[in-house]
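Since the structure comes first, as structure tokens, the remarks are kept for the end.
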Amino acid sequence: MSRRLFITFGALLAANVAGATLAQDSDATVESDMAPQAMGDANLNDFLWEKRPIVVFADTARDPAFIRQLELLEDRPEALAERDVVILTDTDPNELSDLREKLRPRGFMLVLIGKDGDVKLRKPFPWSVRELSRAIDKMPMRQQEIRDRRADGVGSSG
């Protein structure tokens, strides 16, 4: 399959240090630690109410914006893990995946999807983890998660 999807769960991101491998392509010799792993068709419904997908599209894995976006995402994996983020990439516009059909990217595009499955943000240029974290932290569900964690912390110590 020529289309490449790269899926990294928040826990895997948290375990990585800057510059570490997020995924390795076992089908070919890979020069980059950021090589996408072929995953078949990803179904966004698999992440409903559990993860916040960040989908990064490009027409090729050599797109400078795509490369920069992956570098930015690798910068602070712990912040993404804390927010239950999963990263999906698709760099083959010729194979119309379910993700491409639903999200309709043109060239490079970053899409943030909430746990409810709705598109929360679309950007035609790379965003830093800090910017993404701020956008996620403004979401009502994330605000509730923060309140719940605070309540759990207060309840366990008193």
Side-chain angles (χ1 to χ4, degrees), residues 1-14 16 18-25 27-28 30-143 145:
M1 178 179 260
S2 62
R3 181 176 41 103
R4 302 276 183 189
L5 281 178
F6 170 71
I7 300 178
T8 304
F9 290 93
L12 180 59
L13 282 171
N16 286 307
T21 300
L22 291 179
Q24 287 289 333
D25 183 357
D27 297 331
V30 179
E31 293 181 19
S32 170
D33 285 344
M34 293 300 295
Q37 180 179 357
M39 297 298 291
D41 287 328
N43 186 343
L44 292 178
N45 291 331
D46 293 343
F47 305 111
L48 271 177
W49 308 114
E50 297 292 324
K51 299 290 181 184
R52 291 180 178 92
I54 292 177
V55 187
V56 185
F57 291 100
D59 289 343
T60 174
R62 293 182 294 279
D63 181 327
F66 178 79
I67 293 167
R68 178 68 181 140
Q69 184 62 70
L70 292 183
E71 290 170 353
L72 290 170
L73 292 172
E74 187 181 46
D75 188 43
R76 294 185 48 219
E78 68 287 344
L80 296 176
E82 180 181 327
R83 289 163 179 82
D84 300 325
V85 167
V86 60
I87 300 167
L88 307 172
T89 67
D90 185 338
T91 59
D92 187 356
N94 295 324
E95 189 167 323
L96 192 59
S97 66
D98 290 339
L99 289 173
R100 279 191 181 272
E101 193 170 320
K102 179 179 180 178
L103 300 174
R104 299 184 183 268
R106 290 190 178 136
F108 176 85
M109 187 172 77
L110 171 75
V111 181
L112 171 61
I113 300 172
K115 285 186 174 182
D116 60 1
D118 290 342
V119 173
K120 304 298 183 183
L121 178 75
R122 288 177 183 261
K123 293 294 174 185
F125 47 83
W127 259 36
S128 70
V129 171
R130 182 177 179 190
E131 292 167 315
L132 288 164
S133 295
R134 285 183 178 180
I136 291 168
D137 289 347
K138 291 178 185 177
M139 294 178 190
M141 188 175 295
R142 173 66 179 150
Q143 300 244 329
E145 291 169 357

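- Closest heavy-atom contact between D90 and R100: O-NH2, 3.1 Å.
- For the pair V129 and L80, the minimum side-chain heavy-atom distance is below 4.5 Å.
- Residues satisfying the side-chain hydrogen bond (donor to acceptor under 3.5 Å, both in side chains) test with R76, not counting sequence neighbours, are none.
- Considering all non-hydrogen atoms of both residues, L103 and M109 come closest at O-CE, 3.5 Å.
- Summarising the geometry of L121 relative to A135, their closest heavy-atom pair is CD2-CB, 4.4 Å, with the distance given to 0.1 Å.
- By the side chain to side chain contact (heavy atoms under 4.5 Å, CB included) test, R134 is found to be paired with R130, residues two or more places apart in sequence or in another chain being considered.
- Under the side chain to side chain contact (heavy atoms under 4.5 Å, CB included) criterion, E131 pairs with W127, S128, not counting sequence neighbours.
- Here the CG atom belonging to D98 is positioned 9.5 Å from the CG atom belonging to N45, to the nearest 0.5 angstrom.
- Residues L110 and L132 are in side-chain contact: their nearest non-hydrogen atoms beyond the backbone lie under 4.5 Å apart.
- The minimum heavy-atom distance between Q69 and P126, with the atom names listed, is OE1-CA, 2.9 Å.
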Test log, rule side-chain contact (heavy atoms from CB on, under 4.5 Å), inputs L112 and M139: CA-CA 11 Å; L112 171 61; M139 294 178 190; 3.3 Å; yes
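- Annotation: the span from I113 atom CD1 to F47 atom CZ amounts to 9.5 Å, rounded to 0.5 Å.
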Return all side-chain donor-acceptor pairs below 3.5 angstrom for residues 58-67, not counting sequence neighbours, or 'none' if the list is empty.
residue	atom	partner	partner atom	Å
T60	OG1	R62	N	3.2
D63	OD1	A65	N	2.7

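- Here R104 pairs with nothing under the salt bridge (charged side-chain N to carboxylate O under 4.0 Å, His left out) rule; sequence neighbours left out.
- For residues 112-122, every residue pair satisfying the salt bridge (Lys or Arg N to Asp or Glu O under 4.0 Å) rule, not counting sequence neighbours, is listed here: D84-K115, K115-E145, D116-K120.
- Taken from CG in L73 to CD1 in I54, the straight-line distance is 5.5 Å, to the nearest 0.5 Å.
- With sequence neighbours left out, the side chain to side chain contact (heavy atoms under 4.5 Å, CB included) criterion links N94 to D92.
- No side-chain heavy atom of F125 sits under 4.5 Å from any side-chain heavy atom of R68.
- At least one donor-acceptor pair under 3.5 Å links the side chain of R52 to the backbone N or O of R83.
- Judged purely by atom type and a 3.5 angstrom limit, R142 has no side-chain atom pairing as donor or acceptor with the backbone of K138.
- Considering all non-hydrogen atoms of both residues, P124 and F108 come closest at O-CD2, 3.5 Å.
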